[in-house]
2 protein chains.
Amino acid sequence: MTYQHAITALADPTRRVIIDRLRDGPLAVGAIANGMEISRPAVSQHLRVLSDAGLLTVTPSGNRRLYAIAPEGVDDLRKYLDSLWDDALSAFARAAHEKAKGQ
Amino acid sequence: MTYQHAITALADPTRRVIIDRLRDGPLAVGAIANGMEISRPAVSQHLRVLSDAGLLTVTPSGNRRLYAIAPEGVDDLRKYLDSLWDDALSAFARAAHEKAKGQ
DNA sequence: ACGAATCGTAAGTAATGACTTACCGTAAGT
DNA sequence: ACTTACGGTAAGTCATTACTTACGATTCGT
């Protein structure tokens, strides 16, 4: 259901960089934006898109906000691609079979 | 390597519709465009994007061109999401562990 | 209590991309 | 050969979106 938003969110290269920075664990906004070429508000906007897509979770911690990858959101997208892969393989095998038969 | 283009290509809803139409097997451009709301040239442009992303293969058949899902391209994207999922789970477990220890 | 730090939001701008119509090339049918 | 069908490409338009600066709200340190 929500995988459409997830794939749209991951389509942006900057957002994939952000996701990659969170692979090792949660980070605050400043830590994510630090070293990136774009401004911190831009990072905030990307974080919002990723959160809305279900790919990130936010846990306020005092003054800061820790963002972390939400495994469930990633899994939704995985499932979509798995079903697509299954169908692609089936269609591929069937086409090969048809071709062999028609030959 | 090419999964970036693949995810960008799949981010568009219209292109996902096209992909869905090809789940059962190869189709010609006219057959894909038939019943869709957009014009046939627009479909051609989408097919080009999907092909360049490695998600589709083209096999000219006489007058027409048959497009089919390329399992390999889908698999590249799957691998990216699998690695992302693994890291997300690890980070999640570690964060839970830290929390339990800190408690 | 006051200044500094952290972060989200608003408004405006620039760039990206999806779509249309028009056109051209190639293959099939008669 | 001539017409019809099929499909890719070009040019132009419109909407989306990613970015900036400016600002406001909340929390920490002293």
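Throughout, a chain's letter reflects where its sequence line sits, starting with A, and its residues are numbered from 1. All heavy atoms count here, side chains included; hydrogens, waters and symmetry mates do not.
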In whole angstroms, how far is the [atom2] atom of [N] from the [atom1] atom of [X]?
X: B:His46; N: D:dG7; atom1: NE2; atom2: P; answer: 16 Å
X: B:Asn63; N: C:dA27; atom1: CG; atom2: P; answer: 8 Å
X: A:Asp52; N: D:dA18; atom1: CG; atom2: P; answer: 13 Å
X: B:Asp12; N: D:dT16; atom1: CG; atom2: C1'; answer: 12 Å
X: A:Met36; N: D:dA18; atom1: CE; atom2: P; answer: 13 Å
X: A:Leu47; N: C:dT9; atom1: CG; atom2: P; answer: 11 Å
X: B:Ile18; N: C:dA18; atom1: CD1; atom2: P; answer: 11 Å
X: A:Leu50; N: D:dT17; atom1: CG; atom2: C1'; answer: 14 Å

Please tell me which of the listed nucleotides, D:dC6, D:dA22, D:dG8, lies nearest to the side chain of A:Pro41?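 Ranking D:dC6, D:dA22, D:dG8 by closest atom to the A:Pro41 side chain puts D:dA22 first.
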Nucleotide opposite D:dG7 in a Watson-Crick or G-U pair, distances under 3.5 Å: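 Across all strands, the one nucleotide that pairs with D:dG7 is C:dC24.
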Single-linkage hydrophobic cluster, 4.5 Å side-chain cutoff, B:Val58 and B:Val49 together: no
Assuming nearest nucleotide by heavy-atom distance, tell me which of A:Val29 and B:Ile38 is located more 5' along DNA chain C. A:Val29
How would you label the contact of A:Arg40 with the nucleic acid (heavy atoms, under 4.0 Å): base, sugar-phosphate, or nothing?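 Base, at least one base atom sits under 4.0 Å.
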Report which part of the nucleic acid B:Ala28 touches: base, sugar-phosphate, or nothing (heavy-atom distance under 4.0 Å, all strands). sugar-phosphate
Indicate whether OP1 or OP2 belonging to [N] is found under 4.0 Å from a side-chain N or O atom of [X].
X: A:Arg15; N: D:dA18; answer: yes
X: A:Arg48; N: C:dG8; answer: no
X: B:Thr14; N: C:dC19; answer: yes
X: B:Tyr67; N: D:dG8; answer: yes
X: A:Ser39; N: D:dT20; answer: yes

Do A:Ile69 and A:Leu55 have side chains that approach each other closer than 4.5 Å (heavy atoms only, starting at C-beta)?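 Not touching, per the 4.5 Å side-chain cut-off.
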Within the 4.5 Å heavy-atom criterion, are A:Met36 and A:Thr14 side-chain neighbours or not? yes
For D:dT20, does the base pair up with any side-chain atom of A:Gln45 as donor and acceptor (N or O, under 3.5 Å, distance only)? yes
Between B:Ser83 and A:Arg23, is any side-chain donor less than 3.5 angstrom from a side-chain acceptor?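 Distance-only check passes for B:Ser83 and A:Arg23.
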Check step by step if salt bridge (charged side-chain N to carboxylate O under 4.0 Å, His left out) holds for B:Lys79 and B:Asp75. CA-CA 6 Å; B:Lys79 286 175 186 161; B:Asp75 199 38; 3.6 Å; yes
Between A:Val49 and A:Arg64, which is nearer to the 5' end of DNA chain D once each is assigned its nearest nucleotide? A:Val49
